[in-house]
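Single-structure report; data block below.
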Amino acid sequence: MTTATGTQQLYRAYNPRPLTKEEINDVEILFGGLHWRAERAIRAVFENLGYRARALPVATRKDLQTGRELADIGQCCPTSFTTGNLVNFLRNEAEKVGPAEVARKYVYLTAGSCGACRFGQYHLSYELALRNLGLGDFRVFLMDQSRLDQGAAKGGGLEINMPLTLGAVWAVLCTDVLQSLEYRVRPYEVVPGATDRAVQESVDYLCEVLRKRPHRDGTWRPLMWHLTTSYFVDALREVKSKFDTIEVNRLQPKPVVKITGEFYLQTVEGDPNYNIHRWLESEGAEVYPASIAIWLDYWMRFYVQNFEDYVGIDRYARAKIAAVKTLQRLFHWTYNRLRGALGNIPHEIPDQYELRRLAAPYFHHRLSGGEGDMLVGKALWAHLNKKAHMICELSPYACMPNTMSVGAMAGVVGKHPDLLYAPIEVKGDAEVHALSRCQMILTEAKKRAIREYVEAMEWTGLTPEDAQPLIDAKPETKRATYRVPHYGVVGGAANMLLHLAEISGRRQPSQRRAA
Ligand code: SF4
């Protein structure tokens, strides 16, 4: 490497200055990259363990431009967004207190892995951008996504241990189910703003619960406590009571749009994905958001796949597979307990081996990087199981895994021409073009939702006018937390009519399936 003065230097991997125990009380840990509910909950987990922490503001288009300016020009768009986001935050702080104080006062904690895509290089982009900005002394620490307990970060001030990792995982699971409930309720709320108010109150409440989480030391005790406690289930029951008071009108045929795509773009809510969640709702859709829990489950499936390759070579390979699969079952059980506390209204997480099976003809499960074969698997799963009318896939520019998925989806759509698929390329500066493409497919999805509703009316013999007295006779069906079963049709309105026919004894939806 040649420096500005022309001298030669050897390349050295990034190595942050130590963060000591004496310093940690004066240091604020920065992090980001998730949706706001999960970020607030994770901050509470840090506070529970005695750290000061803050989530960065949601990245903006200005951050994207900064990331492009200060780091590698060829990097994928999430890298540019997150790099620019960190750098702009620190630059603003440096203007107030100076670069030396910024390097002393803040550290950044980010997830890392070995790749196979740009994800393995995020921290190097941050380092390059910070050096270019004159903040080379700033410390970035990596949370290895494949290790639950990685001990103390360099210097001993920050412990990335089981209580921290498990706290973050449970914070994510609780806010995942809350987000799922929120998106199932808001499109149908009778009083505008009621859902947003309940979500704000629920996040505040969950943060308080996480801040007061009992401490368990060691490796296995925290794990056993998190798996067996009713602490989080009770907290979510309290959250459910906040939603109980929301009145909904489900007799509105709306297209259900499943969000898939690259992890960062599908998770955040803001400029990095053109505010697609809110935009879809404003266009009359019900959004089926991407859950972070599915990524954690995929990560465990990846271990199983690695061990599968060693069956016959490593004598313990089968035992290792069984151990990870047991962990996966416990994970699903935990997720379903949390869903259950919210009346089973949040969406379920699909079985990873079913996703792999569905994707197999189009995308090899050993192609890692990004979401791997999951994009194809999730699209087919949602389509074949009537979970969504349409798939909206958020694809970053310069992303190798997503480009491969979009290519593979051409084969999927060839075999399943009735699958409505809108791949949206996110460039940061082509919002009108991307949303207009999405709108074209959404128009077709709306027609399907209405067709389905009309068919349900014909089959049940119930018009909306006939249905209303049935709803009034059972006021609990107006509650946001009342669970309407899934009768093999996608839309909430069609399912509601079939349900009313069933509970009023007019017709049994099972007869419809048989017919
Ligand atoms: S999956 Fe794509 S967008 Fe995400 S980090 Fe990897 S290369 Fe970048």
Side-chain angles (χ1 to χ4, degrees), residues 14 31-35 38 56 58-61 63-68 70-87 108-129 140 142-146 259-274 276 290-292 294-299 301-302 355 359 362-379 391-409 423-430 434:
Y14 176 66
F31 65 98
L34 303 173
H35 57 79
L56 290 174
V58 183
T60 61
R61 276 186 220 167
D63 294 334
L64 176 71
Q65 297 303 339
T66 307
R68 282 178 181 162
L70 291 176
D72 301 333
I73 193 70
Q75 68 196 359
C76 57
C77 114
T79 321
S80 293
F81 264 116
T82 52
T83 304
N85 187 223
L86 174 64
V87 159
Y108 186 62
L109 182 63
T110 182
S113 85
C114 64
C117 65
R118 277 273 173 184
F119 189 41
Q121 299 167 358
Y122 270 39
H123 62 293
L124 297 174
S125 291
Y126 299 148
E127 190 225 351
L128 177 63
V140 176
L142 276 188
M143 197 166 175
D144 185 342
Q145 63 162 7
S146 61
I259 302 285
T260 66
E262 191 271 343
F263 178 82
Y264 174 73
L265 292 190
Q266 70 178 356
T267 305
V268 292
E269 293 174 14
D271 275 5
N273 54 20
Y274 302 134
I276 195 90
S291 122
I292 303 172
I294 298 182
W295 166 261
L296 302 175
D297 198 18
Y298 172 63
W299 169 77
R301 194 235 295 177
F302 228 80
L355 294 185
Y362 311 96
F363 204 100
H364 198 279
H365 62 271
R366 295 290 287 160
L367 287 170
S368 62
E371 296 250 317
D373 62 349
M374 271 208 301
L375 290 179
V376 174
K378 284 195 285 189
I391 311 297
C392 176
E393 180 174 332
L394 298 162
S395 309
Y397 68 77
C399 168
M400 178 267 292
N402 236 95
T403 306
M404 288 163 65
S405 297
V406 173
M409 281 301 292
I424 306 295
E425 195 188 17
V426 177
K427 291 181 176 171
D429 53 4

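All values reported here derive from a predicted model rather than from experimental measurement. The residues of the chain are indexed from 1 along the displayed sequence. Start at 1 and go down the list; that is how both ligands and their atoms are numbered.
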Give me the ring orientation class for Phe302 and Tyr298: parallel if the planes are under 30° apart, tilted from 30 to 60°, perpendicular past 60°.
perpendicular

Kindly write out the residues that satisfy side chain to side chain donor-acceptor pair (under 3.5 Å) with Thr60, not counting sequence neighbours, or none if the list is empty.
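Residues passing side chain to side chain donor-acceptor pair (under 3.5 Å) with Thr60: Asp63.
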
Going by the side-chain hydrogen bond (donor to acceptor under 3.5 Å, both in side chains) test, which pairs reach into residues 391-400, not counting sequence neighbours?
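Non-adjacent pairs meeting side-chain hydrogen bond (donor to acceptor under 3.5 Å, both in side chains): Arg68-Tyr397, Glu393-Asn402, Glu393-Tyr421, Ser395-Asn402.
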
Walk me through whether Leu265 and Glu262 qualify under side chain to side chain contact (heavy atoms under 4.5 Å, CB included).
CA-CA 6 Å; Leu265 292 190; Glu262 191 271 343; 3.8 Å; yes

Distance-only side-chain donor-acceptor flag, Thr79 / Tyr264, under 3.5 Å:
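On atom types as modelled, these side chains do not qualify, holding no pair under 3.5 Å.
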
May I ask you to list the protein N, O or S atoms found at less than 2.8 Å from atom 8 (Fe) of ligand 1?
Cys76 SG

Among all protein heavy atoms in this structure, tell me which lies nearest to atom 5 (S) of ligand 1, with the distance rounded to 0.1 Å.
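Atom 5 (S) of ligand 1 sits closest to the protein heavy atom Tyr122 OH, 3.4 Å.
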
Not counting sequence neighbours, which residues clear salt bridge (charged side-chain N to carboxylate O under 4.0 Å, His left out) with Glu371? List them please.
Lys378

